[in-house]
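Please read all numbers here as calculations on a predicted model, not as lab measurements. Chain letters run A, B, ... following the sequence lines, proteins first and then strands; every chain starts at 1.
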2 protein chains.
Amino acid sequence: MSLEESFAKLCVNPEADAVAVKSLVFKPKTPKSATPVPIVVVALQSTSTGSGLIASETATKEPRLARDDLFGSHFKCPSAKAFHLGYLTQSESEFKLLLDDALTKIDDSKVLQLNEEKFMLKSQLIEYLHQYSPQIVDFSQEVVKKPETKKPSAQSTASQAKSAALEDAKLIGITVDKKLDFSGWYQQVLTKGEMLDYYDVSGCYILRPPSYAIWEKIQRWFDDKIKAIGVQNAYFPMFVSSRVLEKEKDHIEGFAPEVAWVTRAGSSELEEPIAIRPTSETVMYPYYAKWVQSYRDLPLKLNQWNSVVRWEFKHPQPFLRTREFLWQEGHTAHLGQDEAIEEVMQILDFYAGVYEELLAVPVVKGKKTEKEKFAGGDFTTTCEGYIPQTGRGIQGATSHHLGQNFSKMFNISVENPLGPEHPKVFAYQNSWGLSTRVIGVMVMIHSDNKGLVIPPRVSQHQCVVLPVGINSKTSDEQRAVIHQKAREIEQKLRASNVRAFGDYNDNYTPGWKFSQYELKGIPLRLEFGPKDMSQDQVSVVRRNDNRKFTVKIADLETRIPEILEEMQNDMYLKAKDLFDTHRVIVEEWKDFVPALNKKNVILAPWCGVTECEEDIKDSSAKRDDGEEFEADEKAPSMGAKTLCIPFEQPELKEGQKCIRCDKKAIQYCMFGRSY
Amino acid sequence: MSLEESFAKLCVNPEADAVAVKSLVFKPKTPKSATPVPIVVVALQSTSTGSGLIASETATKEPRLARDDLFGSHFKCPSAKAFHLGYLTQSESEFKLLLDDALTKIDDSKVLQLNEEKFMLKSQLIEYLHQYSPQIVDFSQEVVKKPETKKPSAQSTASQAKSAALEDAKLIGITVDKKLDFSGWYQQVLTKGEMLDYYDVSGCYILRPPSYAIWEKIQRWFDDKIKAIGVQNAYFPMFVSSRVLEKEKDHIEGFAPEVAWVTRAGSSELEEPIAIRPTSETVMYPYYAKWVQSYRDLPLKLNQWNSVVRWEFKHPQPFLRTREFLWQEGHTAHLGQDEAIEEVMQILDFYAGVYEELLAVPVVKGKKTEKEKFAGGDFTTTCEGYIPQTGRGIQGATSHHLGQNFSKMFNISVENPLGPEHPKVFAYQNSWGLSTRVIGVMVMIHSDNKGLVIPPRVSQHQCVVLPVGINSKTSDEQRAVIHQKAREIEQKLRASNVRAFGDYNDNYTPGWKFSQYELKGIPLRLEFGPKDMSQDQVSVVRRNDNRKFTVKIADLETRIPEILEEMQNDMYLKAKDLFDTHRVIVEEWKDFVPALNKKNVILAPWCGVTECEEDIKDSSAKRDDGEEFEADEKAPSMGAKTLCIPFEQPELKEGQKCIRCDKKAIQYCMFGRSY
């Protein structure tokens, strides 16, 4: 008899008011040579199972929620998600079992919900667990804090010294705190929210429907904008021969170390290795030269939606640094420079629009320094975002003016419109790109310890409709009416173009569903129960701030779209406030690093000299208190880079010196630690 | 002084009623050891410059329009397109110059239009050409046919024995005849129509805006359809590790010889080579196994729009056989087989819809034989098209039912919904794909010797509005009014969602523009001149059949969309008639090959046995008259394959034998030479 079959014999049919029970597995810290003994905690869902108490009760160090590998090695269970108590029978080595005292005290005839699918009589569960000699723990006692033995990292603060594990996290939900372990949180919020999954080729990720749907919304919006200014879409091959790739030297220098090379097809070695495009300048421009024969062929404005490959060897991060990523790349050629520059700015505004109007993410627009600009171009404009938890800036999207550098290299030229007696004119070119990185920035900024928070304008789904308040006393008829009405509400919303869906599954409790849809970041939850029905209303909860409204059913078509827009706006304002208050003006060097350490980005008067820029980066990589900076692989560059020279400039004082050197400042520059 | 400068000195300003003059360059056939002497022909646009006459006048063999390489080597001119008579000065070796007698006879004071940009007094041109000792030729004399020395190819017919070059082709237009040199015609119609360009990595092509726009229309239509049945879009990485790729043996066997391998990144050799996906079954299914934990996770229906790479070593052909191509691939997993099969058929109907409703291409739906089905699947459904000029079938798109083959391999399974006492259930899977091949099929079927013909529903632009009838007698005021009115017509059409644009450029004659937009396949040409203005009407010409209408301006918003729909429908009916009359029922083997040779596909009673299928293919690869089949690299497989077993079956006679062997026929099968 299989595990599933034998365990199922103990189970009973689902019951609506079953008591939710969680089973968590912890792995304590052990020396590398020792085999860790897992700790299985079975407790009421409502019980806080603090890791401090677990540590003291089991005399172990720093128990952390176990990862898939432990579930596999110890319980032969494919993943944490698949785990249930039936797997205990498969353990061939030791584990500890802690049983929540509160759980032992409830009525023996109660039905417990062990996970989505499994329900069991309380008496039966206790009997089953008995064979593993559980230790009864009263989790309501005060947590006994053991002194932390782990050396705090450079970024640690006093409060971070405690475990980043959320004290009351359910296994299925987010189990680390955004404030305490940002990178662990980011990974969980993406994977558990089903935005993304890790892939077995390092640095590549799977974009699951909720994230791809956001990308589609962005595509539609941006595509309409660029088509309105005369850009056309096209598709160029992903392959580029080495000869062509290497044509523009400055340009290729930046990409060469990251280029992926195809050298074999089937079992044949290729005569010449072929590169996968890291970007398409050198792919496209030879054809621009061919197609542009007369000034009437200009402007030539093409865009493509594709994926590019940059085989970075740095620590990859979902959306932010990936070896393959989706983007659009626009490449345009113009007769006049003014026209080209106007377009660069127009596109930058569109990019800012993607962030601010769609993703509710505030950005600062500006120009990159010579050091940070796109290699081979004249200048680069950028919109820069800010991640409050890490205090780091992040490049949002860039729009480059290439001047005539590429057109001279590739001979994209036309006869002079003034007449053939004038010299031929090389085209002025732009290139501009926006990638799926935007989704990562959006997630980092808005999401929280309950999971994803997604701005309504881009969310795949905007509302979930849930019947609530149905319990054992509800008559079948009443239940049917509530479900029917809830379905009508869903239909009504869809008819007014709200992306709504309903969840009428009786096997899950409303509380379970609430957590699920919070985890997935559905913007609005519409609850509809007997009380709502009697008052012709729906209860509405906003995901971003848990604010609750009641909306009359007659007003749904107008009010729900309004609430969605209000929510979008509030999310933007909240993020903007955080960026605005953490973008500080600093005029003296002594205040520079302390301001950085307070998770700010800095506006500082600056001389514009590259050597000074490098000096600032080096000097800010150490702490001002003289303590050596401790390298953190998750923070590969902790010195402050120039993020951009903002277009919106504070007024420069007469004779203002550069923040770092003795030269005269020529502008304010935005500095920050960055991604 | 540069060439352009000195030649420009001879030129005059553009004039609206200039006489169009063409300059063509021919290359005669010469032994490989000899250097060919180009023949430059300068003639009135309206003069037919037959290659037969050119041959006899110059005592050369088979003069053909020269290609870019000759323009480069002989005249230092970048391309045929860029060529004008100024380049004659750059020739360092010999060429022959033929001058149209009719051209010499027109008035010396006439302005001639040499190409888009260059205008010259007739007297000046004659003087300029004088230095090259032109030979005056009267092209109106009867063509002196020389006996053809070239051995006719296997496909040649009596009529094909004459040159495929269009006798009156303009250099900028299509210069080969669709009937006589289909593959040369196909290449020209795509490149000169600006659908596609050849790329410097063999087997890869550039999709230019007019073809990509068609793809976008298909995407939008199909995407809406599949989303309505619950499919969601996602994006999986383009890379797959060899270990995973090779998991499903049957499947990978079909793709292994064509897989492109990345072995190097920057200057580092990868530890393990990584494949570029040839299709994504093995990329996606390990994650399906992970995500599908309960039957409530089914059905799982994902689709992606991406590009895949199959490094074929056969002769590549734009759209039809390319090493990278764009497609969508849908991959779904279902609990029940009926539901899965229903979806396979639903998707096949959508595919047929793409062809029939959007591309005006008739298809036959059916099932592939065991030999031709997708490796690793249970069965493959397909829609099959037909190319009249070659008489060959072409696979349109396929929708596969994979059964449980992949789910067992990858363990995509759930607990039995009947209860855990029943064995676990492996998912039933489908995969289905439609690629940019559809565009090639569309072009082959509808386009003609004037260039592209594109069905209005998918065409990037639907109408071009052209002011006409403006000549030297037209007053500036009149001209302005006509232009103004034409612009209003354009606006009116755009306001009623007709994809219209106007061409108000005075430097081109209407005739020049007509040819241009015919070449590009703009479905409707709207001409508006003084006569139309006086009668409040527009003259409308349909690209597909040159039918001309007049439409009252007041009726434009209703009538133009109607005409576009009528045109769409007529294109479909014409293609359907050709397919229907070339899909013939053959019941005896002796009629099989003769029917094939008449460019038919064949419906024949068949036993369903693979060995018989192979025998039919081998036996039909030879001509029935006993003559050996002559291999043609453009027709790599001239034996008849099974195209499909059509769902719509002729009635099988009692006791009907197989067309080829002695066994009983079990169904009609569609056979044909194919792509």
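Interface residue A/Trp291: backbone and side-chain heavy atoms are both found under 4.5 Å from chain B. Residue contact with chain B, scored on non-hydrogen atoms closer than 4.5 Å, is absent for A/Asn303. A/Phe239 touches chain B through backbone and side chain together, each having a heavy atom under 4.5 Å away. With a threshold of 4.5 angstrom between heavy atoms, B/Ala82 approaches chain A through its backbone and through its side chain. With a 4.5 Å cut-off on non-hydrogen atoms, B/Ser241 touches chain A through its backbone and its side chain both. For chain B, the nearby part of A/Phe313 is the side chain; its heavy atoms alone come within less than 4.5 Å. Of the atoms belonging to A/Ala260, heavy atoms from both backbone and side chain fall under 4.5 Å from chain B. Of the two parts of A/Leu196, neither the backbone nor the side chain holds a non-hydrogen atom closer than 4.5 Å to a non-hydrogen atom of chain B. Neither the backbone nor the side chain of B/Asn306 has a heavy atom closer than 4.5 Å to any heavy atom of chain A. Only the side chain of A/Val244 has a heavy atom closer than 4.5 Å to any heavy atom of chain B. For A/Ser211, no part lies under 4.5 angstrom from a heavy atom of chain B. For A/Asn411, no part sits under 4.5 Å from any heavy atom of chain B, backbone or side chain. Using a 4.5 Å cut-off between heavy atoms, B/Pro209 touches chain A through backbone and side chain atoms alike. Contact of A/Ser79 with chain B is made through the side chain alone, with heavy-atom distances under 4.5 Å. Proximity to chain A involves both the backbone and the side chain of B/Asn233, based on heavy atoms less than 4.5 angstrom apart. B/Lys290 touches chain A through its side chain: at least one heavy atom from C-beta onward sits under 4.5 Å away, while N, CA, C and O do not. Residue contact with chain B, scored on non-hydrogen atoms closer than 4.5 Å, is absent for A/Glu194. With a 4.5 Å cut-off on non-hydrogen atoms, A/Arg310 does not touch chain B at all. Looking at A/Val240, the atoms closer than 4.5 Å to chain B (heavy atoms on both sides) sit in the backbone and in the side chain alike. Residue contact with chain A, scored on non-hydrogen atoms closer than 4.5 Å, involves the side chain of B/Lys118 exclusively. Of the atoms belonging to B/Val283, heavy atoms from both backbone and side chain fall under 4.5 Å from chain A. For chain B, the nearby parts of A/Ser294 are the backbone and the side chain; heavy atoms of each come within less than 4.5 Å. Only the side chain of B/Asn507 comes within contact range of chain A, with heavy atoms under 4.5 Å apart. Contacts between B/Asn115 and chain A at a heavy-atom distance below 4.5 Å are absent for every atom of the residue. For a residue to count as touching a neighbouring chain, one of its non-hydrogen atoms must lie under 4.5 Å from one of that chain's; by this rule B/Tyr287 touches chain A with the side chain only. In this structure, chain A has no heavy atom under 4.5 Å from any part of B/Glu272.
Annotation: salt bridge (charged side-chain N to carboxylate O under 4.0 Å, His left out) contacts involving residues 203-214 of chain B, sequence neighbours excluded, are absent.
Highest contact tally toward chain B, considering only A/Phe7, A/Trp311, A/Phe325, is held by A/Trp311 [criterion: heavy-atom pairs under 4.5 Å]. Interface check for chain B: of the options A/Pro286, A/Pro257, A/Gly419, the most heavy-atom pairs under 4.5 Å are formed by A/Pro257. Counting heavy-atom pairs under 4.5 Å between each of A/Glu258, A/Gln293, A/Gln232 and chain B puts A/Gln232 at the top. Comparing A/Pro237, A/Ser267, A/Pro420, A/Ala256 by how many heavy-atom pairs each has under 4.5 Å with chain B, the most go to A/Pro237. With chain A as the partner, the residue from B/Ile276, B/Leu302, B/Asn505 showing the most heavy-atom pairs under 4.5 Å is B/Ile276. Contact count versus chain A (heavy atoms, under 4.5 Å) is highest, among B/Thr263, B/Thr322, B/Asp200, for B/Asp200. Of the listed residues (B/Gln460, B/Arg323, B/Arg296), the one with the most heavy-atom contacts under 4.5 Å to chain A is B/Arg296. Annotation: maximal heavy-atom pairing with chain A below 4.5 Å, among B/Gln304, B/His422, B/Arg264, B/Arg243, occurs at B/Arg264.
The main-chain N or O of A/Pro423 is found under 3.5 Å from a side-chain atom of A/Asn416 such that the two form a donor-acceptor pair.
Figure legend: cation-pi geometry between B/Arg277 and B/Trp261 absent, as NZ or CZ is not positioned both under 6.0 Å from the six-membered ring centre and within 45° of its axis. For the pair A/Arg220 and A/Trp305, the NZ or CZ position fails the cation-pi test of under 6.0 Å to the six-membered ring centre and within 45 degrees of the ring normal.
Distance check, rounded to the nearest 0.5 Å: CG of A/Leu207 to CG of A/Asp197 gives 11.0 Å. Between A/Leu326 atom CG and A/Ser435 atom OG the span is 8.5 Å, to the nearest 0.5 Å. Note that CD1 of B/Ile274 is 10.5 Å distant from CE of B/Met238, once rounded to the nearest 0.5 Å. In this structure, B/Ile412 CD1 and B/Asp297 CG are separated by 12.0 Å, a value rounded to the nearest 0.5 Å. The OH atom of B/Tyr295 sits 8.5 Å away from the CD atom of B/Glu415 when rounded to the nearest 0.5 Å.
Looking at A/Asp68 and A/Lys81, no side-chain N of the basic residue comes within less than 4.0 Å of a carboxylate O on the acidic one, giving no salt bridge.
Donor-acceptor pairing under 3.5 Å is recorded for the side chains of B/Tyr235 and A/Glu324.
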Step by step, work out the ring pair (Phe, Tyr, Trp, His ring centres under 6.0 Å) result for A/Tyr285 and A/His331.
CA-CA 9 Å; A/Tyr285 298 168; A/His331 294 267; 5.5 Å; yes
Evaluate the criterion salt bridge (charged side-chain N to carboxylate O under 4.0 Å, His left out) for residue pair A/Glu216 and B/Lys227; output intermediate values, then yes/no.
CA-CA 13 Å; A/Glu216 287 181 304; B/Lys227 280 184 177 152; 3.1 Å; yes
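By the 4.5 Å heavy-atom criterion applied to side chains, A/Thr332 and A/Leu300 are not counted as neighbours.
A ring pair (Phe, Tyr, Trp, His ring centres under 6.0 Å) with A/Tyr205 is found for one member of A/Tyr199, A/Tyr212, A/Phe319, A/Tyr198 and no other, namely A/Tyr198.
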